**Q** 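Got a structure for you, written out below as C-alpha cells; questions coming shortly.
Atoms within a ligand are numbered from 1 in the order they appear, just like the ligands themselves. Remember, predicted model here, so these are calculated numbers, not experimental data.
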Amino acid sequence: MTKKISIVIPVCNEEKGIRKFLDGRLIPEVQKIEDYNFELVLVNDGSKDKTLEILQSYAEKNKDMKVVSLVRNFGKEMALSAGLKYATGDAVMTIDSDGQQPPEKIKDFIKAWEDGAEIVTGVRDHYTKHGLIPKLGSKLFYKLLRIMGNKTTVPGSTDFRLMDRIVVDEFNELTEHNRITRGLVDWLGYEKKDIYYTYGERMAGEPSYNFKKLFNLAIDSFISMSTTPLVVFGYVGIFITIGSFLLGSFCIINQYILGDPLKLYWNGAVQMAIFITFLVGLVLVSQAITALYISHIHAETQNRPLYIVSKKHSRNLESTSVKPNKS
Ligand code: UDP
Ligand code: MG
C-alpha cells in the first residue's frame with residue numbers, strides 16, 4: 001500500500017505569503033515526490049486577516065488539504081499540537097508557512113525516515129538570525145539548555161521535523177499544558193537523525209515572534225524541561241551558609257578565645273554582617289527545598305507517561321495476555 005505523509009503547517013496572519021508558499025514552493029515540491037500520498041494539515045492559529053478564507057478555498061478544491069481552525073491565537077506550539085492530532089499519515093512532517101524552512105528538503109526527511117529514523121529533525125546549518133540580540137539569544141538559549149541537563153537538543157534544531165506515526169501517537173498522549181514541542185519530542189527518545197538546512201528569508205509578512213515572545217519561550221523551555229534553576233539556588237545557599245559559618249567560627253575563635261592575635265579589630269557590625277549572611281544562606285537553602293517539593297508536584301501535574309516502549313524493538317508483546325500455544 002502506498003504510504004501517506006502528512007504535512008502539518010501552522011499558519012498565523014500569513015495572507016501576504018501563504019499562496020506563494022503553497023502554490024510556488026510546497027505543492028510543486030510535494031508533487032515531485034513519487035510513490036507517496038500526501039495530506040496537508042493547515043492549522044489556522046487565530047489569524048486576524050484573510051488567511052482562513054484563503055486556506056478554506058484550498059480545502060474546497062482539494063480533499064487532501066485539511067484546515068484545522070483554532071478559535072483564537074494559541075501560539076505556534078499549540079497549533080502544532082492541534083495539527084498533529086488531526087494528521088493521519090504514516091509519518092508527519094511539520095513545516096512553517098513562511099518559506100523559511102525549505103520544502104525542497106522534505107524528500108531528504110522521507111529518505112531518512114525510510115532508512116529507519118523515527119524522528120528526523122531539521123537543524124539550521126548556521127545561525128542566520130538577523131541582529132545581534134537574536135543571534136546571541138539563540139546561542140545562549142542552547143548553551144543554557146545544555147547546562148540544565150538537556151543534552152539531546154542539538155543547537156539550531158527547529159520545528160522543521162518528521163515524525164513516525166508511532167512517535168506522533170505517543171506525542172498525542174502527552175497532556176501537559178506548558179509545552180515546547182521540540183523539548184517534548186526530544187524527551188520521547190526514539191531513533192533520531194538530524195538534517196542540516198539553510199534557514200531562508202521570510203517570503204512575506206512579519207515574523208510574529210518578537211523578543212518578548214522568544215524570551216518567554218526560552219523561560220518556558222527551561223522550566224518545563226528541567227529543575228536545574230532551582231538546584232543552582234540551593235547550591236548558592238549551601239555555599240553561603242558554609243562560607244559564613246566558617247568565617248563566623250574564625251571570628252569567634254580569633255577574637256574571644258585567642259584574644260585577636262591577628263589584630264583584625266572586627267567590631268560588632270562586622271560580626272552582625274557575618275551572622276546575617278549566614279541567615280541569608282539558610283533562607284536560600286530552605287527555599288530551594290520548598291522549590292524541590294514544588295517541582296515534584298509540577299512533575300506530577302505534567303502527567304507524563306512513566307516510560308515509552310519502543311514498539312519497533314520489542315518482541316512478542318501482543319501475546320503476553322494469552323496463553324502460549326501448546327502445539
Ligand atoms: N505561527 C503560528 N502562531 C503564532 C505565531 C506563528 O501558527 O502565534 C506560525 C507562523 O504562521 C509560521 C510559523 O508559526 O508559519 C513560524 O512563525 P514565525 O515566522 O513568526 O517565527 P520564526 O520564523 O521567527 O520562528
Ligand atoms: Mg519564520
**Q** Identify, by name, the N, O or S atom of D98 lying closest to the Mg ion (ligand 2).
**A**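 The atom in question is OD2.
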**Q** Check each atom of ligand 1 against the heavy atoms of E14 and keep those under 4.0 Å away; list them by number with element.
**A**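 Matching atoms, with element in brackets: 10 (C), 11 (O), 12 (C), 15 (O).
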**Q** Would R72 and D45 pass as an ion pair if we require N to O under 4.0 Å?
**A**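 The answer is no: the pair does not qualify as a salt bridge.
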**Q** Given G99, A79, P10, which one has a non-hydrogen atom that is nearest to atom 9 (C) of ligand 1?
**A**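 It is P10 whose heavy atom sits nearest to atom 9 (C) of ligand 1.
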**Q** Under 4.0 Å between a Lys/Arg side-chain N and an Asp/Glu carboxylate O for K193 and E118?
**A**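 Here K193 does not pair with E118 in a salt bridge, since their nearest N and O are not under 4.0 Å apart.
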**Q** Kindly give the heavy-atom pair with the smallest separation between T198 and P102, and that separation in Å.
**A**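 Minimum heavy-atom separation between T198 and P102: O-CD, 3.9 Å.
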**Q** Compute the minimum heavy-atom distance from F21 to ligand 1 and say whether it is under 4.0 Å.
**A**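 Distance cut 4.0 Å: F21 fails for ligand 1.
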**Q** Quick one about Y197 and T158 (side-chain donor to acceptor, distance below 3.5 Å, no hydrogens or angles considered), yes or no?
**A**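 There is such a pair (donor and acceptor under 3.5 Å, judged by atom type) between the side chains of T158 and Y197.
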**Q** Suppose I only count heavy atoms of Y199 and a 4.0 Å limit; which atoms of ligand 1 are within that range?
**A**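 Result: 22 (P), 23 (O), 25 (O).
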**Q** Determine whether the side chain, the backbone, both or neither of I9 has a heavy atom under 4.0 Å from any heavy atom of ligand 1.
**A**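 The answer is neither.
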**Q** Heavy-atom pairs closer than 4.0 Å: do any link ligand 1 to the side chain of V11, the backbone, both, or neither?
**A**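 Looking at V11 and ligand 1, just backbone atoms fall under 4.0 Å.
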**Q** Taking 4.0 angstrom as the limit, do E39 and K66 come out as a salt bridge?
**A**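 Judged by the 4.0 Å cut-off on N to carboxylate O distance, E39 and K66 do form a salt bridge.
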**Q** Using side-chain hydrogen bond (donor to acceptor under 3.5 Å, both in side chains) as the criterion, point out the one residue from K20, K50, R202 that pairs with E14.
**A**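 That would be R202.
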**Q** Heavy-atom contacts with R202 under 4.0 Å: which atoms of ligand 1 show up? List them by number with element.
**A**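 Under 4.0 Å from R202, ligand 1 has these atoms: 18 (P), 19 (O), 20 (O).
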**Q** Just say parallel, tilted or perpendicular for the rings of F109 and F160, cut-offs at 30° and 60°.
**A**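 F109 vs F160 ring planes: tilted.
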**Q** What atoms of ligand 1 come within less than 4.0 Å of a heavy atom belonging to Q100?
**A**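 What qualifies from ligand 1 is 19 (O), 23 (O).
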